[in-house]
> 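So that we are looking at the same thing, I have put the structure below in structure tokens.
So that the names make sense, note that chain A is the first sequence line, chain B the second, and so on, each numbered from 1. Just so it is clear, the values below take in all heavy atoms, side chains as well, and ignore hydrogens, waters and symmetry mates.
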Amino acid sequence: MTLEERATLVGFPSEVPTAAEQRTLVGFMAEFEEHEQLLQAARNAFTAGYRRMDGFSPFPIEELAEALGHDYSPVPLITLLGGIAGGLGGYFMEWYSMARLYPINVGGRPHNSWPNFIPVVFELTVLIASLSAFTAMLVLNRLPHLHHPVFNVPQFQRASIDRFFLYIEAADPKFEQKGTWKFLEGLQPLSVAEVWDE
Amino acid sequence: MKEAAQVEQVKHTKPAPALDLAAIRARLNGERGQHYWRSLEEIAETKEFQEMLHREFPAGASEWWDGLSRRNFLKMAAATLALSGLTACTKQPTREIYPYVKQPAGLVLGEPLYYASSMLLGGFATGVLAKSREGHPIKVDGNPEHPSSLGGSSVWMQTSILDLYDPDRSQTVTHWGEISTWALFLSDLNDLLLEQAARKGAGLRFLTETVTSPTLAAQLHDLLKRFPGATWHQYDPITRDNVREGARLAFGEFVETRYRFDKAAVILALDADFLYTHPERLRFTRHFADGRRVAAGKKEMNRLYLVESTPSVTGTMAEHRLPLASSEIETFAWEVVRAMGGPVRMANEQPLSKLQTKDGSPWIRKEAVAQWLAALVRDLKQHEGASIVIAGEWQPPVVHALAHWLNQALGNAGKTVDYLEPTEAHPINQLQSLRELVQDMESETVDTLFILGGNPVYTAPADLQFGQHLAKVKRSIHLGLAQDETAGSSTWHIPQTHYLESWGDARSFDGTVSLMQPLIAPLYGGKSAYELLGAMVQQQPIRGDYEIVRDFWRGQNFWPDFEISWRQALHDGFIQGSGAPPKQVKLKADLLESLPRGGEPASGGITVEPAVGSQSAKQETAFPQVSPRSFKVLSGDIEVNFRPDPNLWDGRFANNGWLQECPKPVSKLCWDNAILISPALAQSGNLTTGDVVELSLGGRSLRGPVWVMPGQAPNAVTLHLGYGRSRVGRVGAGVGFDAYALRTSAALWFERGGKIVPTGQTHLLVTTQAHHQLGSPDREVYRSGTLNQYLANSSFVKSSVEIPNMDETLYYPDEYQYAGYKWGMSIDLTTCIGCNACLVACEAENNIPVVGKDQVHRNREMFWIRVDTYFKGPLDNPEFDHMPVPCMQCEHAPCELVCPVEATVHDSEGLNLQVYQRCVGTRFCSNNCPYKVRRFNFLRYSPYDKPWREPMYNPEVTVRWRGVMEKCTYCIQRISAARITAEKENRRIRESELRTACQQACPAEAIVFGDLNDPDSKVARLKAHPLDYSMLGQLNTRPRTTYLAKLQNPGPQTDQGLGGA
Amino acid sequence: MAQIFGKSSTSFARASLVGGVSGFFGFWGLVYLIYWSPYTTNQYVPREQEVPFSHEHHVAGLGLDCRYCHTSVEKSSFAGIPPTETCMTCHSRVWTDAPMLAPERQSLATSQPLHWKRVNDLPDFVFFNHSIHIQKGIGCSTCHGPVNQMPLTWKAHSLYMRWCLDCHEAPEKQMRPKDQIYNMEWQPPPDQAERGAQLLKDYHVSQQRLTQLRDCSMCHR
Amino acid sequence: METIQGSEPQMLVQGQPYPVTPLGYPAEMIGAQETYERVSDQITDEPLHHPHQKLWLAGFTVAFLMLIMFGVAVGYLLWRGVGIWGIKIPVAWGFAIVNFVWWIGIGHAGTFISAILLLLLQKWRTTINRFTEAMTLFAVMCAGIFPLLHLGRPWIFYFLLPYPDTMALWPQFRSPLVWDIFAVSTYFTVSLLFWYMGVVPDLATVRDKARTKWKRILYGLGSLGWRGSARHWQHHQSAYLLLGGLATPLVLSVHSVVSFDFSVAQLPGWHSTIFPPYFVAGAIYSGFAMVLNLMIPIRRIYGLQNLITTRTLNNMACVTLATCWMVAYGYIMEAFMAWYSGDVFEQAMMRDRAFGPYGWVFWLLMTVNVIIPQLLWSRWVRTHDIALFFVALSANIGMWLERFVIVVQSLHHDFVPSSWAMYYPTVWDWATLFGSIGLFLTLQFLFIRYIPMISISESRELIAQRKEGRL
């Protein structure tokens, strides 16, 4: 089907938005049935030079992030720092309160009885580390993110069930309506949709 | 019984099965080495515990009901959220403070004042030192200067403070039971005085307890002058008639005998409990202990031979103890006399043979007794002039006479024994005196009866039926502390003053005149006997007891300058040098011939027949029915003994919670009395502790639970008097059974021919030291030996101890050195007689609550120091070992390490502190305490909001709330006070000015406390002694409280075979 | 599918998340402040009494010594409050009919005690001994503040354990020479450090005693 | 839409009721004909359309009544004090601590499965981890209550927390009880985060499947606007793995710390170095048993055989058997050490444990905790859910008894015989025990009712892997 025919069907691409519409086009989205297809599509898009894009899947796909050219997650580093802080903080708390603030003779044990202090140090290490991991996850994922343009796409509700989407943002330097649309179609998706933000 | 019974209803549905005592005996005999055990149930290792398990599970249900309505202190202190605990996180409420309008001179608020006074028991005075804070007495201790206290205390002395504040004390004059007034009484008194004046006092009678008070005696005597027809009777349920009559038999006149135990090497006690029930108990205890104080460097000890029917406190101290029925002891005494060469013609040439009656006492062997006797006599002969023979109040006059003969024969008179003018103002045969009174009442010749103190309706012998006859008296006036049985059936009842409320005087055992002075105005407007009698002499104006006593002594022209000496006497609490002078007496020449031949020994047979009548129990619903067991009815030659209760005495202390909860010596039974029976009897009757039996004697009978008592004479059962009161306050109501019901004037102390019929029911008896054995001796908790062992190898107890080395620790051993003071305690197991004085003293000093029977049953008693008693050796005649256990104040305290909130920590003097308001109550500390000396407020025990309790609290000690752990702190409040005093004077604390409550109370001075950093302090020296050992030292707890192992001094001829069939 | 949430909801959700967490800690911070504030401690709050007794007048004005009324402060744990008759030694002659003293006179007449509201009141589980503090050179004003400036008496310090410890950890900072004990104006001089060290010697307070001052058993039994 | 009843794939090999490996072990890890959509529908079916409403209500009511009983018991406890329990000196710890240790132990299965098995790449955990993690949370809640309740003065529990108070006092960090506070709260927090992170994507699924406004809003909020973008998954997975890594030592530490409550004390029967490993093993043992007890009925009622396959049951049974033997080893070592140490107190304790008044508890414990679970050697028992259910039940009871023996029996006969005594629970002890079970079940019921009880996204992974033949 030619581009013109499609235009008569879905009214697209409309060269100039009419004054009534305040919507802005934020990108195109292609729908796939299997995660391998999505993966392949992502690789192609990357080689095609697209950078500002994202993939959506109902379950994690290990290679996808890499295929989309996303860099490594900083979560582990943050967790490590959190853990160290927790451990040191914990020991400081124990040492300060037991040996400095108000040293008391407890059962003839030394004020700084480090062997007895270990368990709490360990627990605090784990606690703070886990909290920072979780927080990092939220912040890096910009969660909570209740409102998002992609939710406007009707098909997208299956993104959490059994569909896989490739999303190319309009902000991408290489984005160009006709070209990108053609490119996405070229990947034999189930469908291609435009993502509007009103 | 009924009251208590209802409480128990829920609890007991199954009996413990009978014990296989034969098996136990076999096992014990099989044991090698020192085998300690604690109770029959455990060593039996029958199905017992499974049974108990199931039997006790309903305790849950009982918490549901019984827990909510309990007739004891808990009821007064209904448990609620103890808000005082919330002070941690709430805004403090505004409190008010009320200054005096006129502040008494000499009173410094916040500082204690001490007054010397005297407490009376059985008529004899014991000097006390009463502590008062802000005008109310809070503690009573022995007066160190006083000859019959020497600073020691008895349980009764320590707990007397509680009687003073008892909310159930009689609070008003009553007339025919209606509330009345003193004024109304006085007007009635006038009428009767007019009547009596006309009739010269015919029909006027006075009934008192034993009177030693010179003033009171004088008052009575001149009343008798004014009313020639009147008579004065004395009766004391724990009467010393036998002593008096014994002396008369021996010397033709009554003289008091004073024993010098400090000078005695060998002592023979014929059923004499001279350490606990004798009027001179405290002095005797001190001297007896001094005679055994090896730790003080002595190389010899006195040796105690003792014959008795039921284990007494004194009995537990004996090297050689021979359990005989009380009635057999006279025969035994005759035997001793004969062996000592007395010209005795016995009806039966071999009376000893009668002592071995196969079924009556299956355990005892003729040779054994003979051997025992021989050894005793040999020993006595070797120690002529250094021995003592003493007979007990319960023994008939003959035995006393024989004892006198023996003392003379052994040349003890003037050395270890001397004779005094009688201390009593009017020594008479009290039983006779009471009989006469009752006859007069019966013949209705008595129209006015003054009962000055005492509770005859309850305590008089059952056959005299005093109560019924009292009803016949037109006007009876009862002066008493409580609205008791007698008050209930008297016309008038006048509330009496407590000895801490009134002036007075009385003589102590050795005749020393001791003065009473009040520490507080009568709380409930009570009157003293002096005032009552005074009112009969002169009413305008009424003279107070102060004037009466004072004027009497002024009249005596005793001193050159009355005022000065009187002040001195009040300060001392007694009149110096007023002791009775020694008296020269001469033994009757034909004494032995003249003596009546009573006391035929046990004829033997106890008939045992299967119980049939136990169904008869059905209509008696007080106890739940239980599955029938093959009970036996026991009758025949069973001897029933009556003894004053170790706690309630004759019953006068029945409403005293401290005494009710105080575990009786040896049995550790509390909140009940029981029928003590021997293992042998239990075996033949197939009975076990807790079984309720019907005990009948001479046509009278009572029901009560039995208690299988090791060391009890085989065919003797013992009843403790003083329980089962019918008119008594909230605490004593429904506790125990009334043993007076069987006690007749014919036999005040013992009588043959008892009959035991099991009812098939059980009653819960609670003890503070429940059922278990000490197990194998290698626990080494309790260590003992003989003098010879010690002399051979002074540190023989140490051999097995190993306190881990300090350098075995991961930490720095010198982290804490206790440079300032270093408190420590040493407890001498050799001299501890297990009298509980320390326990109650601690209770009084440290505001320790009473928890009631149900809670004791759940092992929640709160005593900070407990006196453990272990048995050792054969079941029928074991050795008794006492062990007071306070907090050990470990330097490496296991409790502190596990407390999550620093509620228990150390201070720089090495004390293991308990900070109550920081405690959240995890109870971890108690779990980790190897000595289990910590006590927990499981519910709200302290009635701190009760107006009657408040003035009695020691203001220096925090009252603990619900949910808080507490424990012994070495009386830290006393340490602080002493430290502050010393600090103000920039000096160290003197050893003399700081003693813990238990140490101060101990009549034997077995407990020593002090500064370990002071090398010549007493405690430091004791710790250096080879006998010193620390309990469970191998746990590296490093206790500050250590023990001196128990030494005994058995004679060369051991008494093998007295135990074990 | 349509959006479930509006545009603003995202930022709102984030805000509430952050707000919730910081709010939690903020709340406890507030509690902590309130706990140290006069609202809880009753510091600086003049107490109304049935007799409006003015320390300012009697101490600053008339120059009465503390011990005239608080007689047992040197002997006992308790400083003592004057019995009515003490007041009456003067007030039987001066201000004999002042209405504000009516309760005094009534108290004497009926021999019913006056009711004072406690200003410096420690919980029952704290055992404080005045005499030893006086003895070892701790003056009245150290704990009771400038009583001579109090028309109606108020509590000068929180009397929290933390506050007690501040001094028990370094008493020399507050120690005074004997003659200054009852001086309400006394302030630690600039060279208190040396003086304090000297005073420790004078009052025989050894190093061992100093550490002991922090034992729980010092105040709790 | 119609409810999809899961079906055990009926491809019968050599007469087996379930597909098997050549060695005859159950083969299937997930139903053969499951698709992304099928699992999504099946699992979101319960939160969205909740079939079997009646059964659920019935069960919930029972649980809730027990919860009310709990409330009553606790109310009376706060009013009267811990004295209403059977505790006493010397047995100052009773049911409260027994229950605490028991619940904490049960709470170990979840983290074990989700963390340790995750790191060990045990795929069969996927369909049960969500469920067990939830169970863990609830068990830890129940456990956490008891240390507070057993305090003598619970209203000042905050003395145990580290905060700057007006007394300059902090918790006493040498005390195992303080370690407990930290361990348990940490454990709860981490488990909660772990669990929630897993739930978020599934909540998104429910959100997208939900048709009613409120469900969409609520699940929408719960899922925080999850889009399942590659970036999301990337951070999510890395954080998830990290938490797994952190939780692994944590799960081992928590019960070790709990065991310190005893082994740090010097009481015979407590003071033993074997406690930490032996407690951890016991914890996982009871945890797995509890999972089986809860899962087997649910699996039947909601027809989840296609997801929680026989293979899963079999594997769990194997873990149970293994841990059972670790525990048994613990028992043997205790006895051995008592003998070998030559310590008189230890030996007396051991003798009393077996033949003393509480001997019957001990032997009962041995039966239900060691002997009966040996049935798991039989494959039939391992793969037959009803049989498995009862074996698991006996193990659960057994583990409770074990804690009873450790706490009560050790305490009731310690060093000094004069203080020995028996402990008898009161009705209130029992009410609190069963009440806490009520609390546990109530939460459990609410969970299966409103949250996807099986991880949908991870099930999809399984399917994907099967498609790629990596299963």
> Considering only heavy atoms, which portion of D:D165 lies under 4.5 Å from any heavy atom of chain B: side chain, backbone, both, or neither?
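Looking at D:D165, just its side chain touches chain B.
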> Side chains of B:F936 and D:I87: closer than 4.5 Å at any heavy-atom pair?
no
> Crowded around D:Y340 OH? As in, over 12 foreign heavy atoms under 6.0 Å?
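For D:Y340, atom OH is not crowded (no more than 12 foreign heavy atoms under 6.0 Å).
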> Do you know which of D:L267, D:V178, D:D429, D:D414 has the most heavy-atom pairs under 4.5 Å to chain B?
D:D414
> Chain B heavy atoms under 4.5 Å from D:W179: which part of the residue, side chain, backbone, both or neither?
neither
> Let me know if B:E861 has heavy atoms under 4.5 Å from chain D in its side chain, its backbone, both or neither.
neither
> Below 4.5 Å, heavy atoms only, C-beta onward: do B:Q1034 and D:V344 meet side chain to side chain?
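Result no, sub-4.5 Å side-chain heavy-atom pair not found.
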> Take B:F924 and D:W93, measure what ring-ring contact (aromatic ring centres under 6.0 Å, His included) needs, and give me the verdict at the end.
CA-CA 8 Å; B:F924 201 171; D:W93 282 356; 4.7 Å; yes
> Output the distance between atom CE (D:M167) and atom CD (B:E902), rounded to the nearest 0.5 Å.
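With rounding to 0.5 Å, CE (D:M167) is 10.0 Å from CD (B:E902).
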> Would you confirm whether D:Q172, through its side chain, and B:T904, through its main-chain N or O, come within 3.5 Å as a donor-acceptor pair?
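Pair absent, no side-chain N/O of D:Q172 close to backbone of B:T904.
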> Tell me whether B:R935 contacts the main-chain N or O of D:I89 through its side chain, where contact means a donor paired with an acceptor under 3.5 Å.
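No.
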> Judged by atom type as modelled, is there a donor-acceptor pair below 3.5 Å linking the side chain of B:R962 to the main-chain atoms of D:G83?
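Here the side-chain-to-backbone pair does not exist.
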> Measure B:M883 against the heavy atoms of chain D and call it side chain, backbone, both or neither at under 4.5 Å.
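No part of it gets close to chain D.
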> About how many Å separate CZ of B:R940 and CZ of D:R80, when rounded to the nearest 0.5 Å?
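Those atoms lie 11.5 Å apart.
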> Please report the shortest heavy-atom distance between B:R860 and D:W85, naming the atom on each side.
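Closest pair (atom of B:R860, atom of D:W85, distance): NH2-O, 2.6 Å.
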> Measure the CG-OG distance between B:D868 and D:S419 for me, rounded to the nearest 0.5 Å.
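Going from CG on B:D868 over to OG on D:S419, the span is 7.5 Å.
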> Below 4.5 Å, heavy-atom pairs only: which of B:K932, B:R918, B:R934, B:M965 has the largest tally toward chain D?
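Most heavy-atom pairs under 4.5 Å with chain D: B:R918.
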> How about B:N1036 and D:Q266: do any of their side-chain heavy atoms sit closer than 4.5 Å?
no
> If I measure from the heavy atoms of chain D, does B:S926 come under 4.5 Å with its side chain, its backbone, both, or neither?
side chain
> For D:H271 and B:L1035, what are the C-alpha separation, side-chain angles and deciding distance, and is it a side chain to side chain contact (heavy atoms under 4.5 Å, CB included)?
CA-CA 12 Å; D:H271 188 60; B:L1035 297 178; over 6 Å; no
> Flag the one option from B:V885, B:N937, B:N928 with the top tally of heavy-atom pairs under 4.5 Å to chain D.
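Winner by heavy-atom pair count: B:N928.
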> Between D:R153 (side chain only) and B:V964 (backbone N and O only), is there a donor and an acceptor less than 3.5 Å apart?
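No, because the side chain of D:R153 does not come within donor-acceptor range (under 3.5 Å) of the backbone of B:V964.
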> Between atom NE2 of D:H150 and atom CZ of B:R923, what is the distance when rounded to the nearest 0.5 Å?
5.0 Å
> Taking side chain as everything from C-beta outward and backbone as N, CA, C, O, which of these in B:L897 sits under 4.5 Å from a heavy atom of chain D? Side chain, backbone, both or neither.
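Both parts, backbone and side chain.
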> If we define contacts as heavy-atom pairs under 4.5 Å, which of B:C929, B:P894, B:C919 has the most with chain D?
B:C919
> Could you check whether any side-chain heavy atom of D:F415 comes within less than 4.5 Å of a side-chain heavy atom of B:V781, counting everything from C-beta outward?
no
> Among B:V905, B:T922, B:V901, B:N927, single out the residue with the greatest number of heavy-atom pairs under 4.5 Å to chain D.
B:N927
